[in-house]
Amino acid sequence: MSKIEIKNVYKIFGDQPSKVLPMVKDGASKEEILEKTGHTVGLDDVSLSIEEGETFVCMGLSGSGKSTLIRHINRLIDPTSGVVSVEGTNVMDLNQKQLIEFRRHKMSMVFQRFGLFPHKTVMENVGYGLEVQGQKPEERNKTAMEKIEAVGLNGFEHQYPNQLSGGMQQRVGLARALATNTDIMLMDEAFSALDPLIRSDMQKQLMDLQSELKKTIVFITHDLDESLRLGDHIGILNGGRLVQVGTPVDIIMNPADDYVKAFVKDVNRAKVIKAKIIMKSANESNGVDKKNLVKVQEDQFIEEFLPQVVCTNANCEVVDKQGNVKGYITNKELQKSLTKS
Amino acid sequence: MEKYKKYFNLIYLIAFVAMVVVAYTTSKYRPESVSVLFTDLSWLGNWPKWLDLPLMPFLNEGFDKLIKEYGMFFEGINNFLLGLYTDMKNFMVALPWPVLMISVIVLCYFVSGRNTGTTIMVAFCVFFLGFLSPRYWDKCIMTTCIVVIGMLLCLIIGIPVGILMARNKKVRNAILPVLDLMQTIPSFCYLIPGILLFGLGAVPAIFAIFVYAVPPLIRLTDLGIRLVDKEVVEAAEAFGANKKQKLWGVQLPLALPNIMQGVNQCTMMSLAMVVIASMIGTRGIGDEVLLGLQQLNVGMATEAGIAIVLLAIIFDRITQSYGEKIQARTHNKKKLIL
Ligand SMILES: Nc1ncnc2c1ncn2[C@@H]1O[C@H](COP(=O)(O)OP(=O)(O)OP(=O)(O)O)[C@@H](O)[C@H]1O
Ligand SMILES: [Mg+2]
């Protein structure tokens, strides 16, 4: 069973969504619906499943319905039709009380425009999730302080959000979501306001956290590099429709349509493709010249070992963390993976 | 709702016809038979006497009935408010004037967040109330007591109603027209039902203050809550805040600057009303204006007028500075400027 399952979800914004639904189901596009009925299509027949412990990245242009999709998972928005289930429970079946419990203990969220409480200090903001759960101030302040340190904001804990820069506010939002230590994290453009240095630092922290704690993360971003770096699977939305779901390599190697193609056009492939993806496994690489070899970790990106290979004109031997040989990469595979299709 | 909208015009038409028929049949000036109307067209000249909706007798009857059946109820309210007013007034009048003055100044100092400028200004105004004429001191106390009780009533009823409106669209749609009505009826029309229900004196003034001053407070509470950033409210929900936690922890604190603006408006309107209420024998600083008017004594009326302005400044500064203090604390940049 998947951790999060979204089945045929439609969301239409407007006065009479149920009246417009049949038109959308008949395949009318977002623009047509807006022109004819004044309703906005938020999501159009979206189905996907997210496995426990993976990072699912959702991408798409502005207005494609990313935030709408993520808000369905904790039921900040009710679907017009379709089913959203988390750990096998349909979120629409929860009553008020169950929904509150569910939001307190199952998932936390980082908001696109931060959603910080302007009348609370950084510390109170970060501890908010624990506060509503009824934790004592001493306890929750301790947890809050840990998370504030984790996002590098020590010293600012008694400031108010409007005394911080945009990027710092975003980190407060991040710390707030981390503080409740839930299984599922919903992150709506959680890194968009950060400068490149902190951003890559945060990405790294998130990946470390992920390898340790194995949370289920739904991550929204505009940045393809980021999505390729973080995502186990990537879903691409266009006008409320999910046009492609796949692993990063899938998306780059076999874009489903022109929209996705345009998205991945400029990607630096050497930066996102890992050695283990292009290698030939050890038992089918008899013809490879094994005299002149460069040792490569299976999780290294091409960019990291490319200079070495070019300088020595050698083949690569791919090894895992224990040092076992997993496969080989020759110039042929390198060339194939780096040429744009 | 949408479905019934097209029947609205029909309902209006039926209601109108029904009213005309009622007016015609109840009028004592109506012609012997309807057919006369078609032969003798003179009724098209001046407005005919029989085309007269009998609203006045209808309302009077209703009012009589109300007093007869619920008289006890109004009596209870009357006694309660009068008791409150008398106790409060007697207490403040009995205090030595320097003590009362210092209490007001201290209150202002702390409420304004230790703002010395505001405090000094208020101190001057308080002093001048008695300095203008010794008679004014006690009269200002009476006026203040009425305003404060009226305000409390407004707060106790107005803020919860505002919260309900912000939460529920149906409630809002039902209450908004009532507020419009309350605000368009000229203010001294409220005095008459006040007198009929509560007799002369302080209580009808309190009643009139309530009806006149509560609409802006309700509106600003409703608006203030709805203006709170949607994503901030969503954040509270996403972390599992229940309704109570959301209201007290997020919505009300962030709406407070607007609510305080409403409270300030409410005070100013109360003060305006209490001066008008002197016409129905409510004791207070308004008497002096009325007296000056009756005796054509310009100096007296002006002096009393100045005292009212001073009182208004005191109320305004104290409520306003409290709002500003809250605003500085909550860092809420969204505020309705009136
Ligand atoms: N509350 C709402 N009422 C009406 N329409 C809405 C509402 N929320 C979203 N929409 C519409 O739904 C569509 C998707 O919006 P959404 O916020 O999900 O976009 P997004 O992909 O998150 O974009 P961005 O990258 O700019 O954040 C937009 O066309 C928007 O106009
Ligand atoms: Mg968005």
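Residue numbers start from 1 in every chain, and the chains themselves are labelled A, B, ... in the order their sequence lines are given, proteins ahead of strands. Everything numeric here is computed off the predicted structure, so don't read it as measured data.
For the salt bridge (Lys or Arg N to Asp or Glu O under 4.0 Å) test, no residue two or more places apart in sequence or in another chain qualifies with A:E5.
Inspection of the B:R219 and B:Q183 side chains reveals an N or O donor paired with an N or O acceptor under 3.5 Å. Neither side chain, B:N115 nor B:S112, offers a donor N or O lying under 3.5 Å from an acceptor on the other.
Heavy atoms of A:R75 lying under 4.5 Å from chain B are absent altogether. Only the backbone of A:F114 comes within less than 4.5 Å of a heavy atom in chain B; its side chain stays farther off. Of the two parts of A:K120, only the side chain, counted from C-beta on, holds a non-hydrogen atom closer than 4.5 Å to a non-hydrogen atom of chain B.
Residues B:V274 and B:S270 form no side-chain contact, since every pair of their non-hydrogen atoms from C-beta on lies 4.5 Å or further apart.
Taking the charged nitrogens against the carboxylate oxygens, A:K142 and A:E149 have no contact shorter than 4.0 Å, which rules out a salt bridge.
Taking A:R176, A:Q133, A:Q96 one by one and counting their heavy-atom pairs under 4.5 Å with chain B, the maximum is reached by A:R176. Between chain A and the options B:V232, B:N242, B:V233, heavy-atom pairs under 4.5 Å are most frequent for B:V232.
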